[in-house]
Q: 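I'd like to ask some things about the structure below.
The model shown is predicted, which means the values in this text are computed figures rather than measured ones.
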Amino acid sequence: MNSTDKKQLDLDKRYIRMASIWAENSYCQRRKVGCLVVKGNMIISDGYNGTPSGFENVCEDENNVTKPYVLHAEANAITKIARSGNSSEGATMYVTASPCIECAKLIIQSGVRRVVYSEKYRLEDGINLLKRAGIEVCYLEMKE
């Protein structure tokens, strides 16, 4: 591994750890997911899974099923960018769980060029769609 690759790996590890800390902001009980969008070594957006602004911070119903209007961390981060006037063109997204297919579509459309994730999900259709779109996808295992 050359020094450039080593430096990128060190940055990736740092940002994915920060995304996992950001996930702690989620009120969801079943799974807490965090996301950071980084461009030019600057965090331009962040997100975690939860309900839309103005809704009660309860993600699951009485049967512990996730409510249908809960936003994923990636969707929250991308919509924050849209509201800020920033651009995610060419950015890297760090997310603690592999993106679902719906989030993968948003990621593709947002111009993100690279996705780093640290937890595999049983379905890989989102990851496969990102790869098909030419987005670099990196799995980075988090060690406790």
Side-chain angles (χ1 to χ4, degrees), residues 1-60 65-144:
M1 180 181 292
N2 66 38
S3 63
T4 305
D5 292 341
K6 170 88 171 85
K7 185 178 178 189
Q8 185 61 59
L9 180 61
D10 288 345
L11 279 172
D12 288 348
K13 287 178 180 177
R14 232 172 269 136
Y15 284 127
I16 204 73
R17 281 196 314 268
M18 290 169 71
S20 69
I21 290 168
W22 202 245
E24 295 172 16
N25 289 318
S26 173
Y27 288 91
C28 296
Q29 300 301 309
R30 292 179 64 211
R31 170 180 273 165
K32 296 178 184 297
V33 179
C35 178
L36 295 177
V37 180
V38 176
K39 185 174 176 180
N41 290 331
M42 281 182 28
I43 297 169
I44 62 168
S45 190
D46 55 60
Y48 50 87
N49 57 327
T51 56
S53 298
F55 283 62
E56 73 289 347
N57 288 320
V58 178
C59 298
E60 296 85 11
V65 174
T66 301
K67 293 178 179 179
Y69 53 83
V70 168
L71 288 156
H72 288 188
E74 303 95 318
N76 263 326
I78 289 168
T79 54
K80 268 189 184 179
I81 291 168
R83 289 183 77 173
S84 73
N86 257 329
S87 169
S88 49
E89 191 68 42
T92 297
M93 177 177 281
Y94 295 89
V95 61
T96 57
S98 63
C100 70
I101 194 146
E102 293 301 317
C103 287
K105 291 189 281 188
L106 293 174
I107 292 165
I108 292 165
Q109 291 301 96
S110 74
V112 165
R113 298 304 327 142
R114 190 165 172 265
V115 175
V116 179
Y117 69 101
S118 60
E119 183 186 319
K120 293 182 179 177
Y121 186 59
R122 60 183 170 82
L123 299 176
E124 293 190 0
D125 50 355
I127 294 297
N128 293 336
L129 187 66
L130 291 171
K131 288 178 180 176
R132 183 174 165 197
I135 293 172
E136 182 186 344
V137 178
C138 304
Y139 170 67
L140 192 59
E141 189 174 12
M142 289 287 290
K143 295 182 177 52
E144 294 302 318

Q: Would you mind writing out the side-chain donor-acceptor pairs for residues 126-136 within the sub-3.5 Å range, not counting sequence neighbours?
A:
| from | atom 1 | to | atom 2 | distance (Å) |
| --- | --- | --- | --- | --- |
| Asn128 | ND2 | Glu124 | O | 3.2 |
| Glu136 | OE2 | Arg114 | NE | 3.2 |

Q: Would you please name every residue forming a side chain to side chain donor-acceptor pair (under 3.5 Å) with Asp10, sequence neighbours left out?
A: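 Once residues adjacent in sequence are excluded, the partners of Asp10 under the side chain to side chain donor-acceptor pair (under 3.5 Å) criterion are Lys6.
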Q: Restricting to side chain to side chain donor-acceptor pair (under 3.5 Å), what partner residues turn up for Gln29, sequence neighbours left out?
A: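 Applying side chain to side chain donor-acceptor pair (under 3.5 Å) to Gln29 gives none.
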Q: Does a sphere of radius 6.0 Å around CD in Glu60 hold more than 12 heavy atoms from other residues, nucleotides or ligands, not counting ones at 6.0 Å or beyond?
A: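 Counting other residues, nucleotides and ligands, CD of Glu60 exceeds 12 neighbours.
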Q: What ring pair (Phe, Tyr, Trp, His ring centres under 6.0 Å) pairs are there with at least one residue in residues 87-117, not counting sequence neighbours?
A: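 Qualifying pairs, neighbours excluded: Tyr15-Tyr94, Tyr117-Tyr139.
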Q: What residues, two or more places apart in sequence or in another chain, satisfy side-chain contact (heavy atoms from CB on, under 4.5 Å) together with Leu9?
A: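 For Leu9 the side-chain contact (heavy atoms from CB on, under 4.5 Å) partners, ignoring immediate neighbours, are Met1, Lys13, Leu140.
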Q: Quick one: CD1 on Ile101 to CG on Leu106, what's the gap to the nearest 0.5 Å?
A: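 Rounded to the nearest 0.5 Å, the CD1-CG separation comes out at 11.5 Å.
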Q: Considering all heavy atoms of both residues, which atom of Tyr27 and which atom of Cys59 are nearest to each other, and what is their separation?
A: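 Closest approach of Tyr27 to Cys59: C-SG, 4.1 Å.
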Q: Mind checking ring pair (Phe, Tyr, Trp, His ring centres under 6.0 Å) for Phe55 and listing every partner two or more places apart, or none if nothing turns up?
A: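 Counting only residues at least two positions away or on another chain, Phe55 forms a ring pair (Phe, Tyr, Trp, His ring centres under 6.0 Å) with Tyr69.
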Q: Restricting to non-hydrogen atoms, name the atom on Ala19 and the atom on Leu36 that form the minimum distance, rounded to 0.1 Å.
A: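 Scanning both residues completely, I find the closest heavy atoms to be N-CD1, 3.8 Å.
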Q: Please determine whether the number of non-hydrogen atoms from other residues, nucleotides or ligands lying under 6.0 Å from atom NZ of Lys7 exceeds 12.
A: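 12 or below, so no.
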Q: Under 4.5 Å between any side-chain heavy atoms of Val33 and Val95, yes or no?
A: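 They are in side-chain contact.
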Q: Can you check whether Ile78 reaches Gln109 side chain to side chain, under 4.5 Å on heavy atoms?
A: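 Ile78 does not reach Gln109 side chain to side chain.
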Q: Can you run down the salt bridge (Lys or Arg N to Asp or Glu O under 4.0 Å) pairs that involve residues 17-31, sequence neighbours left out, and say none if there aren't any?
A: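 Found Arg31-Glu119.
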Q: Once you round to the nearest 0.5 Å, how far does CE of Met18 lie from OG1 of Thr96?
A: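 Here the interatomic distance stands at 13.5 Å.
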Q: Determine whether Val38 and Ile44 make a side-chain contact, defined as any pair of heavy atoms from C-beta on separated by less than 4.5 Å.
A: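 When only atoms from C-beta onward are counted, Ile44 and Val38 do not touch, as no gap falls below 4.5 Å.
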Q: List for me each residue that meets salt bridge (Lys or Arg N to Asp or Glu O under 4.0 Å) alongside Glu141, sequence neighbours excluded, and say none if there are none.
A: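 If we apply the salt bridge (Lys or Arg N to Asp or Glu O under 4.0 Å) test to Glu141, skipping adjacent residues, there are no hits.
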Q: Taking side-chain hydrogen bond (donor to acceptor under 3.5 Å, both in side chains) as the cut-off, I'd like each qualifying pair that reaches into residues 70-92, sequence neighbours left out, listed once.
A: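 Counting only pairs at least two positions apart or across chains, the side-chain hydrogen bond (donor to acceptor under 3.5 Å, both in side chains) contacts touching residues 70-92 are Asp46-Lys80.
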Q: Report the residues that fulfil side chain to side chain donor-acceptor pair (under 3.5 Å) with Glu102, sequence neighbours left out, ordered by chain and then residue number.
A: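 Side chain to side chain donor-acceptor pair (under 3.5 Å) check on Glu102 returns Lys105.
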Q: Working to the nearest 0.5 angstrom, can you tell me the gap between Thr51 OG1 and Leu71 CG?
A: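 Spacing of OG1 (Thr51) from CG (Leu71) equals 8.0 Å.
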Q: Less than 4.5 Å apart, side chain to side chain, heavy atoms only: is that true for Pro99 and Ile107?
A: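 Heavy-atom side-chain distance check passes, below 4.5 Å.
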Q: Where is the tightest heavy-atom contact between Ala23 and Gly34, given as atom of each residue plus distance?
A: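 Looking at all heavy atoms of both residues, the closest pair is CB-N, 3.3 Å.
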Q: What I'd like to find out is whether the side chain of Met93 reaches to under 4.5 Å of the side chain of Arg113, using heavy atoms alone.
A: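 No, side chains not in contact.
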Q: Sequence neighbours left out, what pairs pass disulfide (SG to SG under 2.5 Å) with at least one residue falling in residues 77-132?
A: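 For residues 77-132, and leaving out neighbouring residues, there are no disulfide (SG to SG under 2.5 Å) pairs at all.
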Q: Applying side-chain contact (heavy atoms from CB on, under 4.5 Å), name anything that partners Ser26, two or more places apart in sequence or on another chain.
A: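 Scan of Ser26 (side-chain contact (heavy atoms from CB on, under 4.5 Å), adjacent residues dropped) gives Cys28, Lys32, Tyr48, Asn49.
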